[in-house]
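So you know, we letter chains A, B, ... as the sequences are listed, proteins then strands, and number each from 1.
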2 protein chains.
Amino acid sequence: MQVPDLKMSEKEKKILDAAIAVISEKGFSAASTSEIARQAGVAEGTIFRYFKTKKDILRGILIHLGNVIAEPLVVYGLKKILYQDGREDLRAGIKLVLKDRMAIIDAVFPMLRIVITEAMYHEDIRQILYDKIISRAVEVFEEYHLEMVEKGLMKKEIDAVVAGRSILANLVLFFVYRNLFGPMIQLDDYDRELDQVIDAIMHGIAIPAVGDKK
Amino acid sequence: MQVPDLKMSEKEKKILDAAIAVISEKGFSAASTSEIARQAGVAEGTIFRYFKTKKDILRGILIHLGNVIAEPLVVYGLKKILYQDGREDLRAGIKLVLKDRMAIIDAVFPMLRIVITEAMYHEDIRQILYDKIISRAVEVFEEYHLEMVEKGLMKKEIDAVVAGRSILANLVLFFVYRNLFGPMIQLDDYDRELDQVIDAIMHGIAIPAVGDKK
DNA sequence: TTCAAAAATGAGTGATTACTCACTCAACAA
DNA sequence: TTGTTGAGTGAGTAATCACTCATTTTTGAA
């Protein structure tokens, strides 16, 4: 996925694209500015006209992710589910959105990999990640969750954060299992497994005691 | 958490401990052998008597994780749940085990962070991770899952892999949310949130349709 | 106590790093 | 045509890197 324009010169876009590619391949520390320059087709000095330091390139990637990618990844499509009433519609809607998100994650994975990795090591990166993406995602999901509780489709006993995290968690590990460990395992039928994942998210993995209502 | 002995000289242990500390702090590429040596209290040359290359140190950490840490992280305590019959016992057992796992993850987090990060970038590391830890974990959980299905406590419609992944996923994101983003958020009561997480794992976040049995 | 083998050392090596800066040159104004 | 500007350049710089190896220190059997 290419970096779209946004008050950004052609050169700057080229450099960011190259930086994402190289850093995602080797990791931030192992990626050299000389290789980024080569990949971008500019002189090494040019990079430092647009980014004061190498770390500024990382910040640029992160801000870009927040501005351009976070919105479709988090918000887009939720409304589609939000205004369904039937339970089967809900399930189908969730499936659609999850499939869609899998595709988006796939497309922006290089960028995500960089951000996730660096967030594990640097509190300042984590702070930006939280401010630009996570807090916004929580906000959006809280609204959605409230709507679902009012419709009697989601449990009010489970907080929005826990519920949202459960969805995200299952989605992420589904992705990791398929895309990172895919070569090592015998992959099940995608749709069948996704159905099970949704089942686990919606109704859990345990059999409820007889007579239990919730 | 310190590296325990296992056919390992005092020096080698010291170097591994220092390597884990330094690499976990800065990342593998940014960690220098000179700093690892300083932290270990040995000369830089000594490191290369025990590890042929820097990458061998990483391999050493990974193998150590597989040999010593994976077992308690994955297997230990499952039997405690396995031989409970009551449903409330099951819930309490899961809670105990999850709490215990949170503590273990906390203790080995430096090591985990290194392995997870490098696994994201290198297929060969991923392969070792799969062979030494994941495949073993799947094996253990499959046995547990089968037992639970036979007791009528877990759904047979959801595969062991999906069910186990759901538990792991919720546990991991619970940890990440609390320990990495803890400073940025207002933390709920730990036990209350953990109860909700278990609820989400066991019975899902959606309200089942009236008349539904599973 | 003696001495050979093993372990440990740290200065040295060539390669690579992020970053600088004196310079080039295309584009436009006067 | 001449002068001015600033984006773009890439050789240069000091620092740092992983790794080597000649030398010193430690060890333990005789």
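With sequence neighbours left out, the ring-ring contact (aromatic ring centres under 6.0 Å, His included) criterion links A:Tyr177 to no other residue. Residues satisfying the salt bridge (Lys or Arg N to Asp or Glu O under 4.0 Å) test with A:Asp106, not counting sequence neighbours, are none. Listed by chain and number, the residues in a side-chain hydrogen bond (donor to acceptor under 3.5 Å, both in side chains) with A:Tyr50 amount to none (sequence neighbours excluded). B:Lys95 is linked by a side-chain hydrogen bond (donor to acceptor under 3.5 Å, both in side chains) to B:Asp191, B:Asp195, counting only residues two or more places apart in sequence or in another chain. Residues passing the side-chain hydrogen bond (donor to acceptor under 3.5 Å, both in side chains) test with A:Gln127, sequence neighbours excluded: A:Asp131. A search for side-chain hydrogen bond (donor to acceptor under 3.5 Å, both in side chains) contacts involving A:Arg49 returns nothing, not counting sequence neighbours.
Within the 3.5 Å criterion, the main-chain N or O of A:Gly204 finds a donor-acceptor partner in the side chain of B:Lys155.
B:Phe28 does not carry B:Lys55 over the face of its six-membered ring by the limits of under 6.0 Å from the centre and within 45° of the normal.
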Please produce a list of atom pairs where a protein N or O lies less than 3.5 Å from an N or O of nucleotides 19-22 of chain C.
from, atom 1, to, atom 2, distance (Å)
C:dC19, OP2, A:Lys54, N, 2.6
C:dC19, N4, A:Glu44, OE2, 3.4

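Salt-bridge check for B:Asp17 with B:Lys14: failed, with every basic side-chain N at 4.0 Å or more from each acidic carboxylate O.
Of the residues in residues 35-43 of chain B, those placing a heavy atom less than 4.0 Å from an atom of DNA chain C are B:Val42, B:Ala43, in numerical order. Annotation: proximity of residues 113-124 of chain A to DNA chain D (heavy atom, distance under 4.0 Å) is found for no residue.
When the C1' atom of C:dT9 is taken as reference, atom CD1 of B:Ile15 falls 12 Å away, rounded to whole Å. Taking atom CZ on B:Phe51 and atom C1' on C:dA8, their separation rounds to 16 Å, with Å as the unit.
The side chain of B:Tyr50 contributes an N or O atom lying less than 4.0 Å from OP1 or OP2 of C:dA8.
Using a 4.0 Å heavy-atom cutoff across all strands shown, B:Ala30 reaches no nucleic acid atom at all. A:Ser32 comes within contact range of the sugar-phosphate backbone alone, with a heavy-atom separation under 4.0 Å but no base atom that close.
Residues in residues 169-181 of chain B take part in these salt bridge (Lys or Arg N to Asp or Glu O under 4.0 Å) pairs, two or more places apart or across chains: B:Arg178-B:Glu193. Within the structure, the side chain to side chain donor-acceptor pair (under 3.5 Å) test picks out the following pairs touching residues 19-34 of chain B (sequence neighbours left out): B:Ser24-B:Arg113, B:Lys26-B:Glu35, B:Ser32-B:Ser34, B:Thr33-B:Glu44.
Here the straight-line distance linking atom CZ of B:Phe109 with atom CE of A:Met120 works out to 4.5 Å at 0.5 Å rounding.
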Show, in sequence, the C-alpha distance, side-chain angles and deciding distance for A:Leu98 and A:Ile167, and conclude whether the side chain to side chain contact (heavy atoms under 4.5 Å, CB included) test is met.
CA-CA 9 Å; A:Leu98 284 194; A:Ile167 296 174; 4.2 Å; yes

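Nucleotides of DNA chain D with any atom under 4.0 Å from a heavy atom of chain B span, from 5' to 3', D:dC17 to D:dT20.
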